[in-house]
Each structure stands twice: as structure tokens, then as C-alpha cells.
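Inspection log for the structure reproduced underneath, given as C-alpha cells.
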Amino acid sequence: MSFTSIIQSAAIRSLQELSGYQFSENDFQVNETKPEFTGDYTIVLFALVKTLKKSPEVLGKELGDYLLKSYPDFFSSYNVIKGFLNLEIADEQLTELLVKNYNDEHFGKKPLNHKRVMVEYSSPNTNKPLHLGHLRNNFLGWSVAEILKANGNEVIKSSIVNDRGIHICKSMIAWQMFANGATPESTQIKGDHLVGDYYVKFNDEYKKEVEELIQSGKTKEEAEKEAPIMKKTQQMLLDWEQEKPEVRALWNKMNNWVYKGFDETYNRIGSDFDHTFYESNTYLLGKDFVKEGLQKNILFKKEDGSVWIDLTDKNLDEKLVLRGDGTSVYMTQDIGLAKQKFEEYHLDKSIYVIGDEQLYHMKVLKEICRKLGMPFADNIFHLSYGMVELTTGKMKSREGTVVDADELVDEMIATAARHTEELGKVKDFTKEELKELYEILGLGAMKFYLLRVDPKKRMIFNPEESIDFHGFTGSFVQYTYARIQSILRKVGYEQSAINNQQSATGKLLPLERELIIFLEKYTTTVSEAAEEMNPSVIANYVFNLAKLFNSFYVEHSVANAETEEKKILRLHISVMTANIIKNGLGLLGIKVPERM
RNA sequence: GGUCCGGUAGCUCAGUUGGAUAGAGCAUCAGCCUUCUAAGCUGAGGGUCAUUGGUUCGAAUCCAAUCCGGAUCACCA
């Protein structure tokens, strides 16, 4: 149980014994005491005043006295200022918490709750390489999955690969026309980039053809429809659907290039999946529910044969679920796949990590499932995140302002290397050790930068800021960890301190108290991050912890503490801080270096 | 036009179910390496919490209206 909830229930009990009233958790707040007042936790009394018909001062004094008397081991003192009852927690309580948990590498982790959750994230198209936007999605999805695991859920990470459709055919056509058989091996270009190059090539060629047709007197619409390269592409899509062998073979070959490229990138950035869905397998799903929906009069048919659902009662429009020619739209397969996920994996919850431009689509999906009477409809959750924009505006592939994921990763690692060399602290590292360190630092900085803001908000990517290693960054937190390891090496922690389990006596200094109280909060922070599905909660916590520890570090020596007892106490604080940093950063997919 | 999201320091962002004098980082300025790593620490300046009204002991937070920015409303994916 957390300190806050202990205090809350102690107060509820005390108030009942004092006044006879039964209050609940929602009736009053327990906050952390603001730094300018003495105390650790504060009970806000105003809300109780009305019911109890007492002035805040009187009530505060009564409750404070009673709490102190009833829980002498827990509270050491109190004071009342205006309507605020500030309570101080007894030193012994803090040291006990510390001794019990400092060496627990899984502090904050919750027991299994037997809930099964699927997190679908990444979900790339196989016609171009990953970019900055995908990185936010990948880091977010991966991190949320880990946070849910830490809270006792059984999590299945999944991805749906968008591997079919007109956009895929565009790359294929352009490759046929212009590549002269070029392969990743022959060109030494990573497969996803090679295919992406031909996707760009398609658009260039298409634009050229349209231009020419307009010159020869066609309207823009006519030209766009009649451009030969587009006609070829549409024909290829039909051939693909009819499983024409040559087309399927080319499709297979090029997609495999892309998968190989993606795997390399995923490997590097640490994304992994328990299951991958392919749209080429799922795009025909969902047609059966159309029949059923029509029978039940939930769906209706228009004269041209297209099938719709009326969602105007939910403030959404009429939505198409099947085309007039009987082929699927996106919604059709999304409903089919949603159902398949729940049935195959027996999920309690299905989370989709998708950009907020699809908020409407996901809302409609959920509503259709609900109307069709699918029992899982309410367990579909869209974890939407905002777009990543550049300081110069939006990323546009047509204008070449897209930040490529592989390039960015390279750049981050290179910058980490440069910076580390300038500082010259790891000259004795081997080549392999340096390589590992640079990756830990470069990727750490990038992940932290993308995860430290609330996912729901769109964010601005500032290249200079993102490669900064000072302040609110991953490196700052990693540095604190490395510093602690340095202390532990200095005192030979492994050998000696582990045997010193007794709690330190004597008064705790302000920074020592503050740190222990902050460490205690990690458990509730992990829960909060899961509830909100928000890794930035962890990022903020871990940063503030590092900051607090750094203040402590310069103020008080661990290795040369005033007494042996103080040394042990501070070692315990240091070890617990390091454990939580490692753990918390781990939930963000960030590793920690022993030295940097 | 409808719906949804957002507007907090020069910039990027925190700010729990309403609580005390609104906080960080960057940038600027002034200090701190003979002691566990200065990728650090200490301090200073910087705010009409978009605007107006309302709700109440108390509002950045809740409600309404307005202004500004964005997303979305395809027989596209």
C-alpha cells in the first residue's frame, strides 16, 4: 500500500472515531506537501469542514493529534496552516521502507491480474521505409506494452503490415519500368529504402505523364485517370487480386526486401512483436458480418448495391461498409480483424496505437461493432497520438522533408559518439564497448525525447534539441545511473554492503527524506502510467528522481559519509535509486550504461 | 459548416479526481571541479495560464460564449 493510501485510510478511520462520520476516499485529498511548508503529506481539510461543522484550524488540530496518537510509528509531527494539515512521516518508517526494498530489482511491479491485452503498433506500409512518425508509434506502443506487463497484464504485441493495395503496386510498377533488375544486393541499398525509392520514382513519372496529357489538351481529372503508368498500376492490382503468378512473385520478392529492411530497423530500435498480421491475409475478412447485419436490419443497402450503416444517432454519419461491386473497404476488414483478434487470443482488451488522424475512423469502428452486437466492442481502445511535426512545419514526403528513421538513428548514435569522445571519460573502453555505449546513449536520447511528452499531444521535433544530452533528457538520467555505479565500485558494494541489512538510526537529513519519499512513489507512478497508457509519466518521474539524486549527490558524500551508519543508509538510497532508474528507463525501452 | 483535440515563461513541455506564492528543461546572466563522474550542482531574471463571463471558501483545472491553431467528416488507404 502506498503512503498516500495509508494516510487516507488512517484519516478516514480517525475521522470516524472522532466524529462518527464515515468518509470515503473521494471526500478529501491527500497531497504531497509543497516544499515551502514543513511536512511530507498534506490533508486538505476544506472539503470536510461543511459536514463536520468545524473550522479548518480546529479540525486540523483534532485530526492531527488523533493521527499522531493512533499511529505513533507512522507519523512524527504535524502542523496546520489555514485549511491544510501537514503531516510528517517518522524517520523509522522511511528507513524501514528503504531497507525492505532497496535491493528489489522489481520494485513497482504488480502481481499478475490475468488480463490479456493486445497492443497493436507500428503497422507499416511495405512501400517505403520507416520515418520519424513511425518511431514515435513504435516507441509508444512498445513502452505501453511493457508498462501494462509491469502492471500484471499478459500482453501480446502485434503489428499489422499493410502489404497490399494500389500503393504497393506503384513501387512494383516503377521497379519493373526503371530498375533494370536492381536488388538490395546489387545496389547495396537496404531493401525498404530501395523499394521506397521506386515509390518516389512512380510519383515523379506519374506527375510527368499527367503534365504531358494536360499539355495535349486534357483536363486535370482526365489526365490523372488516363496516365499510362496509373492504368498499368490499376491493372496490376487486379492481377494481384486474381493471384496472377508473375505479379505475386514480384510482390513476394519486393515485400521480402522490405521485411528484411524493417527487421534490421526494428532490431536496432528494439521493437518486437509476438504476432504479425498481414493485410494480404486479412483484407477479405469481415464480409460475413455484412450479411448478418443486413438480416438484422442494422445495415442497409442502397440502390447501387453498396451497404451502409446509419450512425447519425451517435453524431456520426452514414458509413459505407461494402462497395457496390461487393469489394471491401478498410472498415470491412477492420471489423473482421477486430473480431478475429478477440476470438483467437481471448483478449480482455485490444489496444490500437494509431495516429490521431484516425480518431474518427476508430470511433466509427467501435460503434459499428457495438451496433452489430459484438461483445468485445467496448474493449477496443484507440491509443491515439499526435503527429510529429518539424520546426519548419509538417513532414511531407512530396517535399522531401520526411525524417528517415534509419538516418535519424545513425545521426543520434554518431552525435553520442562525438560528444562522448569530447568528454574523454571512457578512453579505456574497447571498440565493442564504445559501440555499445554509443548505441545506449544515442537511442536513449531519441527514445526519451519522443516519449517524454504526452502522446495525445502533437509534438514538434527539433533536431538540435533532440540530440541534446543535457537537462530533461535520457542521457541525464543515464548519467545519474552511471554515477551511482561509480560510487558502488568505489566502496566495493558487491562484497560488503549486501550484508548490512539493518536500518540506520539517527535523524534523516532533508534530502535523504525527500529521496526516500520520492522512491516510494514509483509504485503508484507505474500504475498511473498504465491507467493513462502514458509513458511520459514514467519519463517525468525518472527525470525528477535523477534530479533529486544529483542534488543529494553533491550535497552529501556516500563513500565518505559522516558515520558508518550514514554510509549504509546512503548506499541503500543509491542502490534503490539506481534500480528504479534502470527499471523505469527499461519501461521506456532505454538501457543504462555502467560508465559513461 | 458538423464533430473532436489543443492554446501555460522567448522556445519545448509538466501541472493528478478544483487546493497554499503556477513548475521543469533549453536559451540568457552570476557562481561552483584537490574529496564518490561538472553529460553535474547552486542562484537570478523571465507569466494577464488565449479572451470574457459564470459556478464557490478556493479555478490553469469545472461550465458557457468568443478568438486562434490543428485533425477529421471519401465507393482513399
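What's counted below: heavy atoms across the whole structure, side chains too, no hydrogens, waters or symmetry copies. Numbers restart at 1 for each chain; the letters A, B, ... are given by sequence-line order, proteins then strands.
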Item to complete: Report yes if a donor N or O on one partner sits less than 3.5 Å from an acceptor N or O on the other, where the partners are the side chain of A/Asn86 and the base of B/A20; otherwise report no.
Response: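 Side chain to base: pair found, below 3.5 Å.
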
B/A14 base / A/Ser536 side chain donor-acceptor hit below 3.5 Å: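 Side chain to base: no pair below 3.5 Å.
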
Neighbours of RNA chain B within residues 550-559 of chain A, by heavy-atom distance under 4.0 Å =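 Close to the strand are A/Asn550, A/Ser551, A/Tyr553, A/Val554, A/His556, A/Ser557, A/Val558, A/Ala559.
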
Starting at atom [atom1] of [X], determine the distance to atom [atom2] of [N], rounded to an integer number of angstrom.
X	N	atom1	atom2	value
A/Ile354	B/A77	CD1	C1'	12 Å
A/Ile573	B/C36	CD1	P	20 Å
A/His361	B/C73	NE2	C1'	13 Å
A/Lys456	B/C5	NZ	P	11 Å
A/Gln234	B/C76	CD	P	11 Å
A/Phe448	B/U12	CZ	C1'	13 Å

How long is the span from the OH atom in A/Tyr481 to the CG atom in A/Asn579, to the nearest 0.5 Å?
->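 Output value for this atom pair is 7.5 Å.
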
Next item on the list: Output yes if the stacking criterion (under 5.5 Å between centres, under 30° between planes) is met for A/Tyr479 over the base of B/G40, else no.
Entry: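 Taking the rule of under 5.5 Å and under 30°, the ring of A/Tyr479 does not stack on B/G40.
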
With sequence neighbours excluded, tell me which residues meet side chain to side chain donor-acceptor pair (under 3.5 Å) with A/Gln358.
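Applying side chain to side chain donor-acceptor pair (under 3.5 Å) to A/Gln358 gives none.
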
With B for base contact, S for sugar-phosphate-only contact and - for none (protein heavy atoms under 4.0 Å), nucleotides 21-28 of chain B reads ---SSS--

* Asked: Can you tell me how far P in B/G45 sits from the matching atom in B/G7, rounded to whole Å?
  ->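 Nearest-Å result for B/G45 against B/G7 at atom P: 27 Å.
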
Checklist line | Side chain of A/Arg483 - closest among B/A77, B/C41, B/A38 | finding: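 Nearest to the side chain of A/Arg483 among the choices is B/A38.
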
Using the side chain to side chain contact (heavy atoms under 4.5 Å, CB included) criterion, which residues pair with A/Gln235? Sequence neighbours excluded.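 In terms of side chain to side chain contact (heavy atoms under 4.5 Å, CB included), with neighbours along the sequence ignored, A/Gln235 is linked to A/Leu238, A/Asp239.
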
>> Is there a side-chain contact between A/Arg323 and the phosphate of B/A77, meaning an N or O under 4.0 Å from OP1 or OP2?
In response: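 Result: yes.
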
Between A/Ser328 and A/Ile81, which residue's closest nucleotide on RNA chain B lies nearer the 5′ terminus?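 Nearest-nucleotide comparison on RNA chain B picks A/Ile81.
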
task: For A/Tyr360 and for A/Lys457, locate the closest nucleotide of RNA chain B by heavy-atom distance; then report the residue assigned to the nucleotide nearer the 5' terminus.
output: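 Comparing both residues, the 5'-ward one is A/Lys457.
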
Per-pair distances, 0.1 Å, donor-acceptor, side chain in residues 528-537 of chain A, under 3.5 Å, sequence neighbours excluded:
{"from": "A/Asn534", "atom 1": "OD1", "to": "A/Ser536", "atom 2": "N", "distance (Å)": "2.9"}
{"from": "A/Asn534", "atom 1": "OD1", "to": "A/Ser536", "atom 2": "OG", "distance (Å)": "2.7"}
{"from": "A/Asn534", "atom 1": "ND2", "to": "A/Ser536", "atom 2": "OG", "distance (Å)": "3.4"}

task = Kindly state each residue pair satisfying side-chain hydrogen bond (donor to acceptor under 3.5 Å, both in side chains) with at least one member in residues 448-464 of chain A, sequence neighbours excluded.
result =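 side-chain hydrogen bond (donor to acceptor under 3.5 Å, both in side chains) check on residues 448-464 of chain A returns A/Arg452-A/Glu465.
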
My understanding is that only residues two or more places apart in sequence, or in another chain, count here; which of them pass salt bridge (charged side-chain N to carboxylate O under 4.0 Å, His left out) with [X]?
X	answer
A/Lys301	none
A/Lys371	A/Asp313
A/Lys53	none

> Base of B/C41 relative to its sugar, syn (within 90° of 0) or anti?
Replying inline: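 Glycosidic conformation of B/C41: anti.
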
